[in-house]
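Proteins get letters first, then strands, A, B, ... in listed order; numbering begins at 1 in each. The analysis underlying the following values was restricted to heavy atoms, covering all of them including side chains, and did not include hydrogens, waters or symmetry mates.
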Amino acid sequence: MSQKEVRVRIAPSPTGDPHVGTAYVALFNYAFARRHGGKFILRIEDTDRARSTTASEEAIIRALRWLGLDWDEGPDKGGPHGPYRQSERGTIYREHAEMLIERGHAYRCFCTPERLAELRGEQQKAKASKMGYDGKCRSLSPEEADERGRGGESFTVRLKMPQEGETVLLDGLRGEIRIPNEQSDDQVLLKSDGMPTYHLANVVDDHLMGISHVIRAEEWISSAPKHLRLYEAFGWEPATFLHLPLLRNNDKNKSKISKRRNPVSLDYYRDTGIIPEAMVNFLALMGWSYGEDQEKFSLEQMVERFDLKEGSVSLSGPVFDLDKLSWLNGLYMRELSDEGLVDALMGWRVNRDYLLRLAPLVRDRIQRFDEFLPLISYCFSGDIDYTPVAALLLPKKRKGGETGKMLERLLDKLDAMPAFEVSAMEETFRLFCEGEEWSTREVFMTVRVGLTGRKASPGLFETMEVIGRELTRRRLRLAANFLKQYKG
RNA sequence: GGCCCCAUAGUCUAGCGGUUAGGACGUCGGCCUCUCACGCCGAAAUCCGGGGUUCAAUUCCCCGUGGGGUCACCA
């Protein structure tokens, strides 16, 4: 394992915002590759056809570039092991699944989603210690399975997992991890739409792309036995696995970082004026330390000292602390010259393009230039203090608790919107109010104050569009939290 | 619930058998100063509990406890 060229990858799924966790794992992969003179590869895991979008893929690529974590091979720049987008590798997976069936390591499963849901329901109800697929189709004869498959019956392909014994995972950061095989059920490899699941695609691609080290998040540990089993079934030498800790929310329990509790989109950090170098520096501090009590360092400096072995990463889940990020960002900011700062601001929002978006919202509402910036100052400011405007945020005859919860339900609706633009938002809002015991008047005012801190503003939806999805989510989330605690 | 991972101040971490347990964010106090910020100085605050091993445990082992993850035709 030591002689092999280091080849690592980041494999995001383009199903949403460019996630801060993706950046975190990407950074550690990147630093490891650079440190060992290896290659860093970007692979898009878009096998979930229902949820993957090209917009998300583009956003992820843009965000990783913004951070300066550039890759050697990827869907945008090609490479010797392409394509690097899994949706374009369908036949490869199907051939490999077929190979496993022929070798008796996998089988066709004709169980319907309904049956599986029922099974799951029963297991939950019975509080069964062993959850997962019961292996019903495992005992089908290959002849019968072939025939039913040819007959057009819908099927998935499942991996035959050993049902006894244990799998030993040698984690590069954690040492030996032993997992009883009875914990792993017969995982679906190929979905009925012919697309692979993560498990198959991941192992096949990692092997075909020559990945030497799989550096991924801790949440994958429990499915690692399935991946190891796949390498074995194919007769391949497995990569070395290293499981990084999960980033955590700043809440009581330190749960896995999530957008309900913490901004997770890299776009949020960009939109609030975080300098990419500071972001990278901060992410590096999560679990790793530069040494000599030094907190501030560049990517290049990190690469010089970085390595991954037992003891080199703190394995307890680090809480993502916005205050410390801001402090670090301030350090970077103060290093800029006046000119550099102005350039940075112009790259952010203080520019013609952005002002042009504000102009139509403001022009009818002002009489003099000097009213322009004050009127839309909240487009350039951070979190809003709701204390002085609490009476405006809370509709008359309403309680803080119920209003906060209403906002949370509304946020779920907003999160479900594919595009964040005026007409769609208005429709979402009006539909929402119809289904709720809330008047548009109440909802709109609460949202307006939540977004702007004021009772008067340009059009609500125009405002949301212009400040963007990330700031909208953040402010409404904070407003909801404020309301839930508000006694008055 | 089964299995797995983790455990140094509120937070991020250093430590790798013998330390006054180091640094950073945050908090509090002071200095600087027209104010604020920056900067500087200082303070409070930490080894989850119990057993071992050892002359000696924050450090090694075990058991608890706590937290997290995972148990999808999502990744």
Rounded off to whole Å, could you give me the [atom1]-to-[atom2] distance for the [X] and [N] pair?
X       : N      : atom1 : atom2 : value
D251(A) : G69(B) : CG    : P     : 10 Å
E218(A) : C4(B)  : CD    : C1'   : 9 Å
L246(A) : C6(B)  : CG    : C1'   : 11 Å
D171(A) : G69(B) : CG    : P     : 18 Å

N-O pairing of E300(A) and R34(A) below 4.0 Å: no
Among the nucleotides [options], which one has an atom lying closest to any side-chain atom of [X]?
X       : options                : answer
V319(A) : A75(B), C12(B), C25(B) : C12(B)
K324(A) : C25(B), C4(B), G39(B)  : C25(B)
E295(A) : C73(B), C4(B), A24(B)  : A24(B)
K256(A) : G68(B), A7(B), A75(B)  : G68(B)

Sugar-phosphate, base or nothing in reach of W220(A), heavy atoms under 4.0 Å: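 The residue W220(A) makes base contact.
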Sugar-phosphate only, base, or nothing, as touched by G291(A) at under 4.0 Å among non-hydrogen atoms: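 Nothing: the residue G291(A), judged by heavy atoms under 4.0 Å, touches no strand.
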Any N/O donor-acceptor pair, Q183(A) side-chain to G2(B) base, under 3.5 Å: yes
Donor/acceptor link under 3.5 angstrom from T197(A) side chain onto base of C73(B): no
Pairwise 5' ranking along RNA chain B for K191(A) and R178(A), keeping only the more 5' one: R178(A)
